[in-house]
Amino acid sequence: MKMRLSVLMPLLCASMFLGAQGTHTKLLGKCSINELKKEPYASWYNANYAAYAPNQDIVKKLKASDLGKLDVKIVFGSWCGDSKREVPRMMKVLHAASFNEKNIQLIAVDDSLDVYKQAPGREERGLGVYRVPTFIFYEKGKEVGRIVEFAVESIERDVFKIANRETYVPNYQVYSQINQWLATGLLQDPNISARGLAAQLKPVSNSESELNACGYVLMAQGALQESIVVLGINATLYPGSANCWDSLGEAYAKANQKERAIEMYEYVLQLDPQSTNAKEQLEKLRKQ
């Protein structure tokens with residue numbers, strides 16, 4: 001099914017355009033803090049920045065840490081509620097710690113399904129971002145840690161652990177494993193066992209929304225084989241979810257695997273006989 005939004009959005013500089021949501025203006029691509037301080041973004045950026053009060057004891061530790069040696073990439077969506085909350089808070093903490101703004105790169109991505117979580121110049125490519133905001137910290141070009149969507153403890157405490165090279169495990173541990181498998185090419189193997197990989201992810205998978213979002217990001221990137229494997233893992237982990245099988249059917253359809261897509265949508269109707277989307281997709285596929 002289409003990806004649930006609750007589960008679930010050459011230009012090398014920021015661009016703005018009117019999205020499908022009427023008058024909603026999206027910021028896209030590389031952008032600056034100054035752009036966030038202007039309308040229509042100022043209404044949430046300035047308010048949430050002002051409202052957040054960093055823990056000064058942790059800020060003092062941050063100032064004495066190696067934070068200043070790091071660079072930060074912030075991948076976010078101007079349409080995303082979590083980004084609207086967390087990006088201003090992160091900036092407040094970095095400013096309080098006297099972090100150099102020149103070491104911050106902001107990348108605004110889209111929420112449209114065909115370019116899901118992509119920037120027009122594809123600045124997000126290769127970063128393994130499936131949830132926004134994602135804050136990625138680097139030292140000399142090498143990633144040393146990331147905060148995904150929201151803090152594990154608090155923003156300043158999480159940043160301190162990363163800056164101090166303490167053990168830090170971000171939210172959505174499934175993504176770390178998926179990124180490792182992508183890097184090795186494992187998910188491109190047509191004989192890969194979705195059931196076997198699902199068994200490995202089961203201890204760290206908290207909900208179907210995690211891998212569903214990941215599968216749609218890969219689908220939008222054109223990585224259809226990888227998307228099919230990820231969504232197949234998700235359906236294995238949550239076999240009673242009609243939405244998981246519906247998403248897998250969509251991936252098969254995009255990969256021109258008609259019979260497999262039909263099989264998935266037929267199974268959706270076994271789980272949810274009232275699924276309008278499955279009925280529509282089956283009718284469309286059978287006419288092809």
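It should be emphasised that the depicted structure is a prediction, and the values quoted were computed from it without experimental measurement.
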>> Quick check: do Glu143 and Phe137 have side-chain heavy atoms less than 4.5 Å from each other?
In response: no
Pair [X]-[Y], side-chain donor/acceptor within less than 3.5 Å:
X      : Y      : result
Ser207 : Tyr238 : no
Tyr52  : Arg89  : no
Asn164 : Asp66  : no
Glu226 : Gln188 : yes
Asp158 : Tyr168 : yes
Tyr172 : Glu149 : yes
Asn179 : Tyr130 : yes

>> Can a donor-acceptor pair be found, under 3.5 Å and without considering hydrogens, that links the side chain of Ser275 to the backbone of Ala278?
In response: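 Yes: the side chain of Ser275 pairs with the backbone of Ala278.
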> Under the salt bridge (charged side-chain N to carboxylate O under 4.0 Å, His left out) criterion, do Glu123 and Arg125 qualify, and how do the steps go?
Replying inline: CA-CA 5 Å; Glu123 294 88 352; Arg125 189 193 299 271; over 6 Å; no
>> So if I apply the side chain to side chain donor-acceptor pair (under 3.5 Å) rule between Tyr216 and each of Lys117, Gln221, Glu250, which one comes out positive?
In response: Glu250
>> Taking side chain to side chain donor-acceptor pair (under 3.5 Å) as the criterion, tell me which of Lys287, Gln281, Arg286 meets it with Glu283.
In response: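 Of the listed residues Lys287, Gln281, Arg286, the side chain to side chain donor-acceptor pair (under 3.5 Å) partner of Glu283 is Lys287.
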>> The test is salt bridge (charged side-chain N to carboxylate O under 4.0 Å, His left out); show your working for Lys161 and Glu153 and say whether it passes.
In response: CA-CA 10 Å; Lys161 283 188 175 183; Glu153 294 181 353; 3.0 Å; yes
> With the 4.5 Å side-chain cut-off for hydrophobic clustering, are Val87 and Leu70 part of the same group?
Replying inline: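 Yes: a chain of side-chain contacts under 4.5 Å links Val87 to Leu70.
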>> Assess the residue pair Ile178 and Leu201 against the criterion (side-chain contact (heavy atoms from CB on, under 4.5 Å)); give the C-alpha distance rounded to whole Å, side-chain angles, the decisive distance to 0.1 Å, and a yes or no.
In response: CA-CA 9 Å; Ile178 291 295; Leu201 289 185; 4.2 Å; yes
>> Working note: Lys284 + Glu280, criterion side-chain contact (heavy atoms from CB on, under 4.5 Å); need CA distance, chi angles, decisive distance, verdict.
In response: CA-CA 6 Å; Lys284 186 184 302 182; Glu280 291 176 351; over 6 Å; no
> Between Tyr41 and Thr25, is a side-chain contact (heavy atoms from CB on, under 4.5 Å) present by the stated rule, with each step listed?
Replying inline: CA-CA 9 Å; Tyr41 319 109; Thr25 305; 3.7 Å; yes
> So Thr134 and Arg146, side-chain contact (heavy atoms from CB on, under 4.5 Å) or not? Walk me through it.
Replying inline: CA-CA 7 Å; Thr134 294; Arg146 63 174 58 196; 4.1 Å; yes
>> Arg85 vs Asp82, test: salt bridge (charged side-chain N to carboxylate O under 4.0 Å, His left out). Steps then yes/no.
In response: CA-CA 5 Å; Arg85 180 188 66 249; Asp82 291 304; 2.8 Å; yes
> Are Lys92 and Tyr49 in a cation-pi setup, meaning NZ or CZ lies under 6.0 angstrom from the ring centre and within 45 degrees of the ring axis?
Replying inline: yes
> Pick from Asn234, Val230, Leu231: which one makes a side chain to side chain contact (heavy atoms under 4.5 Å, CB included) with Cys214?
Replying inline: Val230
>> Rounded at 0.5 Å granularity, tell me how far CD1 in Ile74 sits from CG in Leu106.
In response: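 Rounded to the nearest 0.5 Å, the CD1-CG separation comes to 5.0 Å.
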